[in-house]
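Residue numbering restarts at 1 for every chain, and letters A, B, ... go by the order of the sequence lines.
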Protein chains: 2
Amino acid sequence: MMELTRKGEYAIRGIIYLARQTPGKMALISEIAEATEVPQTFLAKIFQNFAKLGLVNSYRGTGGGFMLGRPASRITLREVVEAVEGPIIPNRCLMGGSACDFDSHCNVHPVWRRVQSEVVRILESVTIEELARETK
Amino acid sequence: MMELTRKGEYAIRGIIYLARQTPGKMALISEIAEATEVPQTFLAKIFQNFAKLGLVNSYRGTGGGFMLGRPASRITLREVVEAVEGPIIPNRCLMGGSACDFDSHCNVHPVWRRVQSEVVRILESVTIEELARETK
DNA sequence: CACCTTTAGGACCTGTTTTGTCTTTTATAA
DNA sequence: TTATAAAAGACAAAACAGGTCCTAAAGGTG
């Protein structure tokens with residue numbers, strides 16, 4: 001349960017790689033893919049997504065590539081994870097719209113809410129800058 | 001991300017139903033399935049699993065059925081969830097055995113460990129007895 | 001302009017997991 | 001010995017994961 005998919009794992013690896021580049025330097029998707037050992041076309045999709053959300057900037061043509069859309073210190077792990085995995089929702093019933101019929105007479109929902117907010121809190125407290133720092 | 005499957009949802013509904021029975025009373029799988037609006041054969045598998053783990057006791061033949069294997073106050077939500085969903089592991093890399101290559105130079109792992117222990121802590125702190133209490 | 005580079009976008013594909021159903025077997029009580 | 005109930009296993013549709021491949025579009029460069 002609660003497992004990160006490969007996509008999520010790849011997304012994190014990729015953006016950490018970007019964060020480690022010297023500021024202003026552009027990285028090619030082929031380069032990132034090779035360095036992080038992720039299938040290139042798959043990683044490309046992930047980064048397209050990042051670009052749409054403004055997490056990274058993309059540039060086409062010769063000399064193009066990707067760079068962070070903001071300082072790594074202002075990108076949280078939560079943003080990265082949710083960008084590719086969708087919102088952190090431990091139970092469908094927590095989603096808006098047609099709540100489940102059991103909502104009223106069910107005490108489990110508050111528990112899932114707690115799980116949700118705790119996980120969000122943790123992931124929110126971690127920035128890509130921290131993750132990109134070299135471990136000695 | 002982090003979503004409980006239907007199986008997990010069904011499992012919780014089912015065991016809560018059992019916990020609400022008057023002590024010593026047996027409940028048929030057909031009865032539980034109908035009350036909780038879960039496909040009967042699917043719920044049967046879930047309860048077979050519960051029985052193996054001792055969460056419930058099962059009895060065959062006339063007058064048979066299911067009852068809790070322990071007082072509801074001594075069954076945690078964690079046990080129920082893990083019984084059907086497997087261990088709570090936010091990232092494959094947290095699993096034993098062949099750790100991922102990136103383990104050494106990756107700062108993300110401690111974060112997943114924190115997520116894991118927080119979620120486990122929350123689910124562990126909730127008993128089926130609490131969940132089964134009637135909400136007014 | 002023509003051409004090369006690089007990302008964007010869409011179609012497609014394969015294997016696994018989810019979410020079941022159906023049938024047969026085994027245990028038990030009356 | 002028969003009716004009742006759970007146990008067990010085989011099967012299957014649908015959704016999802018984890019990709020691949022091909023074409024389009026945008027941006028430099030000679």
- request: Mind calculating the distance between CG (L43(A)) and C1' (dT6(C)) to the nearest angstrom?
  value: 14 Å
message: Any base atoms under 4.0 Å from F50(B), or only sugar-phosphate, or nothing? Heavy atoms, all strands.
response: nothing
query: Do the side chains of F47(B) and I32(B) get nearer than 4.5 Å, heavy atoms only?
result: yes
- prompt: Are I46(A) and M26(A) joined in one hydrophobic group, where the rule is that I, L, V, M, F, W and Y side chains link up if heavy atoms are under 4.5 Å apart?
  reply: no
query: At what distance, to the nearest 0.5 angstrom, does CD1 of I88(B) lie from CG of L123(B)?
result: 4.5 Å
task: Hey, could you give me the OG1/CD distance between T5(A) and E85(A), rounded to the nearest 0.5 Å?
output: 3.5 Å
message: Could you tell me if the side chain of I89(B) sits less than 4.5 Å from the side chain of W112(B), heavy atoms only?
response: no
Under 4.0 angstrom between Y59(A) side-chain N/O and dT5(C) OP1 or OP2: no
query: What nucleotide among dG20(C), dA30(C), dT21(C) has an atom nearest to a side-chain atom of K45(B)?
result: dT21(C)
field: Contact nearer the 5' end of DNA chain D, comparing I29(B) with P39(A)
entry: I29(B)
field: Earlier contact from the 5' end, DNA chain C, for Q48(A) and G61(A)
entry: G61(A)
- prompt: So if you build clusters from Ile, Leu, Val, Met, Phe, Trp, Tyr with side-chain heavy-atom gaps below 4.5 Å, do L68(A) and Y59(A) land together?
  reply: no
Whole angstrom value for the distance that separates C1' of dT19(C) from CD of Q40(B): 16 Å
field: Helical stems, DNA chain C - three or more consecutive Watson-Crick or G-U wobble pairs below 3.5 Å
entry: C:1-30 with D:1-30
- prompt: How many Å lie between NZ on K7(B) and C1' on dG20(C), as a whole number?
  reply: 11 Å
field: Nucleotide dT6(C), atom C1' - distance to CE of M26(A) in whole Å
entry: 11 Å
- prompt: R6(B) has a side chain; which of dA8(C), dG9(C), dG20(C) sits nearest to it?
  reply: dG20(C)
statement: Rounded to whole Å, CG of L28(A) lies from C1' of dT5(C) at a distance of 9 Å
Salt bridge (Lys or Arg N to Asp or Glu O under 4.0 Å) assessment of R121(B) paired with E118(B): CA-CA 5 Å; R121(B) 191 184 57 76; E118(B) 270 307 293; 2.8 Å; yes
- request: Round to a whole Å and report the spacing from CZ of F42(B) to P of dT21(C).
  value: 9 Å
- prompt: Atom CD in E124(A), atom CD in E82(A): separation rounded to 0.5 Å?
  reply: 8.0 Å
field: Start and end of the DNA chain D segment that chain A contacts, any atom under 4.0 Å from a heavy atom
entry: dG18(D) to dG27(D)
query: Between the side-chain atoms of R60(B) and the base atoms of dT26(C), is any donor-acceptor pair under 3.5 Å?
result: yes
message: Heavy atoms only, 4.0 Å cut-off, all strands: where does S58(B) land among base, sugar-phosphate and nothing?
response: sugar-phosphate
message: Taking salt bridge (charged side-chain N to carboxylate O under 4.0 Å, His left out) as the criterion, tell me which of R6(B), R13(B), K7(B) meets it with E9(B).
response: R13(B)
